[in-house]
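Each remark here refers to the structure printed beneath this line.
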Amino acid sequence: MSWDSYLDNMKGQAQNEMEGGAIIGLDGSLWTSSAHALQLPITQEEASKLASCIKSRDYDPFRQHGTNIGGVKYQFLRSEDGDVPTLRFKKKENGALSIAVSKTAIVICKCPEGGQQANSNTGSEKIAEYLCSMNM
């Protein structure tokens with residue numbers, strides 16, 4: 001199954017307020033491919049670290065050190081629990097990350113600097129909600 005089409009769908013759900021995105025497994029595996037134009041340049045190491053903290057629901061490393069995606073360090077803003085847990089990160093002059101978590105995946109949507117992060121939040125959350133509805 002190709003997960004790359006979900007990036008196009010996420011951009012539509014985000015009303016085009018998406019500079020890039022990625023879907024990774026809770027085990028840190030990369031589901032979307034680097035071949036897609038919208039794929040964030042997330043490394044396997046970055047994905048594994050992100051997934052480890054999210055899977056354990058221990059966000060202290062994020063609060064203390066932020067997270068790196070594509071070699072860029074983003075500052076942790078907040079998290080919200082719910083049917084679809086969400087996390088928010090920001091890097092001045094580099095946009096923001098909207099992350100939503102399903103039962104098996106982490107959906108990342110990068111909002112461009114100056115964009116409406118609320119739209120990017122919607123993009124990642126809609127994809128995560130869909131995955132949850134598929135028991136994923």
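Values in this document were obtained by computation on a predicted structure and should not be read as measured data. Each residue takes its place number in the sequence, starting with 1. These numbers come from the heavy atoms of this one structure, side chains and all, not from hydrogens, waters or symmetry mates.
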Cluster overlap [X] with [Y], hydrophobic side-chain contacts below 4.5 Å:
X: Y6; Y: L40; result: no
X: I108; Y: V72; result: yes
X: L30; Y: L7; result: no
X: W3; Y: V107; result: yes

Name all residues meeting the side chain to side chain donor-acceptor pair (under 3.5 Å) criterion together with [X]; count only those two or more places apart in sequence or in a different chain, and write none if there are none.
X: E17; answer: none
X: N119; answer: none
X: E113; answer: K90
X: S98; answer: Q117, N121

For a quick test of reading the model, state the closest non-hydrogen atom pair linking [X] to [Y] and the distance between them.
X: V84; Y: V101; answer: CG1-O, 3.6 Å
X: C53; Y: Y59; answer: O-CE2, 4.0 Å
X: C109; Y: S124; answer: CB-CB, 4.0 Å

Residues forming a salt bridge (charged side-chain N to carboxylate O under 4.0 Å, His left out) with [X], sequence neighbours excluded:
X: D83; answer: none
X: E45; answer: K49
X: E46; answer: none

As an exercise, state the distance from [atom1] of [X] to [atom2] of [Y], rounded to the nearest 0.5 Å.
X: N94; Y: C111; atom1: CG; atom2: SG; answer: 11.0 Å
X: E19; Y: L38; atom1: CD; atom2: CG; answer: 10.0 Å
X: K110; Y: Q39; atom1: NZ; atom2: CD; answer: 13.0 Å

| field | Non-hydrogen side-chain atoms of M10 and M18 separated by less than 4.5 Å | value |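 Side chain of M10 against side chain of M18, heavy atoms only: contact under 4.5 Å found.
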
Is there a side-chain contact between Q15 and T122, using heavy atoms and a 4.5 Å cut-off?
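Counting from C-beta outward, Q15 and T122 never come under 4.5 Å.
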
With F76, which residues qualify under ring pair (Phe, Tyr, Trp, His ring centres under 6.0 Å), at least two apart?
->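 F89.
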
Using modelled atom types and a 3.5 Å cut-off, is there a donor and acceptor pairing between side-chain atoms of S48 and backbone atoms of Q44?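 Yes: the side chain of S48 pairs with the backbone of Q44.
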
Check your understanding: When you check the gap from the basic side-chain N to the acidic O, do K91 and E93 get nearer than 4.0 Å?
Key ->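 No, no charged N to carboxylate O under 4.0 Å.
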
Is any NZ, NE, NH1 or NH2 atom of the basic residue among D60 and R63 found under 4.0 Å from an Asp or Glu carboxylate oxygen of the other?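 Salt bridge flag = yes for R63 with D60.
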
Which atom pairs, donor and acceptor, lie under 3.5 Å between side-chain atoms of residues 20-28 and protein residues at least two apart or in another chain?
from: D27; atom 1: OD1; to: S29; atom 2: N; distance (Å): 2.9
from: D27; atom 1: OD1; to: S29; atom 2: OG; distance (Å): 2.7

task = Please name all residues satisfying side chain to side chain contact (heavy atoms under 4.5 Å, CB included) with K73, sequence neighbours left out, ordered by chain then number.
result =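 Partners of K73 under the side chain to side chain contact (heavy atoms under 4.5 Å, CB included) test: N68.
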
Q) With S33, which residues qualify under side chain to side chain contact (heavy atoms under 4.5 Å, CB included), at least two apart? A)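 With neighbours one apart ignored, the set is D4, A35.
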
Side-chain polar contacts of residues 125-136 - donor-acceptor pairs under 3.5 angstrom, sequence neighbours left out - could you list them?
from: E125; atom 1: OE2; to: R88; atom 2: NH2; distance (Å): 2.5
from: S133; atom 1: OG; to: Y130; atom 2: O; distance (Å): 2.6
from: N135; atom 1: OD1; to: K103; atom 2: NZ; distance (Å): 2.9

Criterion side chain to side chain contact (heavy atoms under 4.5 Å, CB included) on L50 and I106, from CA distance to verdict
CA-CA 9 Å; L50 182 69; I106 299 165; 4.3 Å; yes

Should I99 and T67 be marked as a side chain to side chain contact (heavy atoms under 4.5 Å, CB included) after you check the CA-CA gap, both sets of side-chain angles, and the distance that decides it? CA-CA 12 Å; I99 298 177; T67 192; 5.5 Å; no

